[in-house]
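Before any comments, here is the structure.
Both counts, for ligands and for their atoms, begin at 1 and track the order of listing. For this chain, numbers begin at 1 and follow the sequence in order.
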Amino acid sequence: MPDAGVTTYSRAQVVLHWSIALLILVQFLAHDGMEHVWRAFRRGQEAAASDIPMAYMHVALGLAVLVLACWRLWLRGTRGVPPVSGMEHPALQLLAKATHFVIYALIFLLPLSGIAAWFFNVAGAGLAHVLGKDILLYVVLLHTAGALFQHFVLKTDVLRRMLSLRQA
Ligand code: HEM
Ligand code: HEM
């Protein structure tokens, strides 16, 4: 059972948060190879040899996100996470929780839809993947704006606790 009174993120939770964020950033910046290979596959054409390593990198990093997301969810369930803090208004608290929920859902759905498209050629999975990445982009922008607003305007410790590696 998670500890209801937990007030910090553990070192592992902090490292997982930033590792997943970094992997997702790379997926967004370096997806051209995957797109070219995927387009060639759907048209029954030969993919350019130069695109293939980037497509495999996309698959490998995406699978890494899935593994790390499982670990992270397990830690959330067993160790727990600190309550949303610094925002007294219930609507803002709800927004923060909803944002976290949607991000969690997408760090599973994106790799799973990618797997369904790439390995099993499931109809509609590629479209779900592309729509999912758009939603993730906007939700993460909102999440980042919220974190920076809390840090610089409300001056809470919320960003610091997601940067602190002191907790075991
Ligand atoms: C969190 C993990 C992932 C993220 C953030 C991500 C992100 C992206 C992005 C940004 C694109 C370009 C879409 C576009 O603009 O058209 C894309 C395309 C694609 N990804 Fe991923 N991806 C992830 C995981 C995976 C995995 C694990 C696989 C396969 C095993 C995969 C397979 C594909 C395929 C097949 C496409 C081409 C889809 C299309 O254009 O219709 N992705 N992905
Ligand atoms: C793709 C990028 C990102 C993803 C997938 C992501 C995901 C998440 C998730 C799911 C949580 C909830 C943690 C939990 O309860 O287990 C969280 C918390 C947090 N994230 Fe991110 N995040 C990303 C980028 C960022 C960025 C760029 C910042 C800051 C500039 C940030 C700052 C924070 C902070 C401060 C918290 C703690 C919120 C709190 O304790 O109430 N995140 N993140």
Identify which of Lys133, His36, Met34 has a heavy atom lying nearest to atom 36 (C) of ligand 1. Met34
Top protein contact for atom 41 (O) of ligand 2, by heavy-atom distance: Arg161 NH2, 3.4 Å
Close N or O approach (Trp118, ligand 1; < 3.5 Å): no
Distance col, row Ser19:OG vs Arg72:CZ, nearest 0.5 angstrom, shows 9.5 Å
Distance col, row His58:NE2 vs Leu63:CG, nearest 0.5 angstrom, shows 9.5 Å
Of all the non-hydrogen atoms in the protein, which one sits nearest to atom 11 (C) of ligand 1, and at what distance? His31 CB, 3.9 Å
Students should be able to answer this: which protein heavy-atom is nearest to atom 26 (C) of ligand 1, and at what distance? Gly114 CA, 4.0 Å
Any idea which heavy atoms bring Gly80 and Val6 closest together, and the distance? C-CG1, 3.8 Å
Mind listing the closest non-hydrogen atom pair of Gln27 and Leu61 along with its distance? OE1-CB, 3.6 Å
Taking the side chain as every heavy atom from C-beta outward, state whether Val14 and Leu163 have any atom pair closer than 4.5 Å. no
Atom pair CG/CD1 of Leu106 and Ile24 - distance to nearest 0.5 Å: 8.5 Å
Numbered atoms of ligand 1 (with element) below 4.0 Å of Leu63, judged on heavy atoms: 27 (C)
Going by the atom numbers of ligand 2, which of them fall below 4.0 Å from some non-hydrogen atom of Val81? 14 (C), 15 (O), 16 (O)
Under the 3.5 angstrom rule, does the side chain of His129 hit a backbone N or O of Leu110 as a donor-acceptor pair? yes
Side chains of Lys133 and Phe28: closer than 4.5 Å at any heavy-atom pair? yes
Which residue holds the protein heavy atom closest to atom 40 (O) of ligand 1, what is that atom called, and what is the gap in Å? Trp38 CD1, 3.7 Å
Do ligand 1 and His58 have nitrogen or oxygen atoms that lie under 3.5 Å from each other? yes
Gly62 heavy atoms, cut-off 4.0 Å: which ligand 1 atoms fall inside? 2 (C), 24 (C), 27 (C)
Nearest-contact summary for atom 15 (O) of ligand 2 - protein heavy atom, Å: Arg76 NH2, 2.9 Å
Does ligand 1 have any atom that is closer than 4.0 Å to a heavy atom of Ile107? no
Using atom types as modelled and distance alone, determine if a side-chain donor or acceptor of Arg161 lies under 3.5 Å from a backbone N or O of Thr8. no
Taking the minimum heavy-atom distance to atom 34 (C) of ligand 2, which of Gln27, Arg160, Met162 ranks first? Met162
Could you report the tightest heavy-atom contact between Val26 and Met57, atom names first, then the distance? CG1-CE, 4.0 Å
Between Met34 and Ala55, what is the shortest heavy-atom contact and its length? CE-O, 3.7 Å
The closest protein heavy-atom partner of atom 38 (C) of ligand 2 is Val158 CG1, 3.6 Å
What residue and heavy atom of the protein are closest to atom 29 (C) of ligand 2, and at what distance? Trp18 CH2, 3.7 Å
Can you sort out which atoms of ligand 1 are near Phe119, meaning under 4.0 Å from one of its heavy atoms? 30 (C)
Filtering Phe101, Phe28, Tyr104 for the heavy atom nearest atom 14 (C) of ligand 2 leaves Tyr104
Quick one: look up the protein heavy atom nearest atom 37 (C) of ligand 2 and list residue, atom name and how far away it is. Tyr9 OH, 3.5 Å
Name the option, out of Lys97, His100, His17, His151, that contains the heavy atom nearest to atom 6 (C) of ligand 2. His17
Is Thr144 in polar range of ligand 2, meaning some N or O pair under 3.5 Å apart? no
Report the member of Gln150, Arg72, His143 with the shortest heavy-atom distance to atom 9 (C) of ligand 2. Arg72
Do any N or O atoms from the side chain of Lys97 and from the backbone of Leu94 form a donor-acceptor pair under 3.5 angstrom? no
Check the angle between the aromatic planes of His143 and His100 and answer parallel, tilted or perpendicular using the 30° and 60° thresholds. perpendicular
Judged by modelled atom types alone, do Gln13 and Arg79 share a side-chain donor-acceptor pair under 3.5 Å? yes
Look only at the side chain of Trp74 and the backbone of Ala69, and say whether a donor-acceptor pair between them is shorter than 3.5 Å. no
Does His129, backbone or side chain, put an N or O under 3.5 Å from an N or O of ligand 1? yes
Per-atom contacts, ligand 1 versus Ile115 - under 4.0 Å to a heavy atom: 29 (C), 30 (C)
So which heavy atom in the protein is nearest atom 5 (C) of ligand 2, and how far is it from that ligand atom? Ile103 CG2, 3.4 Å
For Leu159, the atoms of ligand 2 under 4.0 Å from one of its heavy atoms are 29 (C), 35 (C)
For atom 1 (C) of ligand 1, the protein heavy atom that lies nearest, with its residue and separation: Val65 CG1, 3.6 Å
Is the number of heavy atoms from other residues, nucleotides or ligands within 6.0 Å of CD (Glu46) greater than 12? no
Can you report which non-hydrogen protein atom sits closest to atom 2 (C) of ligand 2, along with the distance? Ala21 CB, 3.5 Å
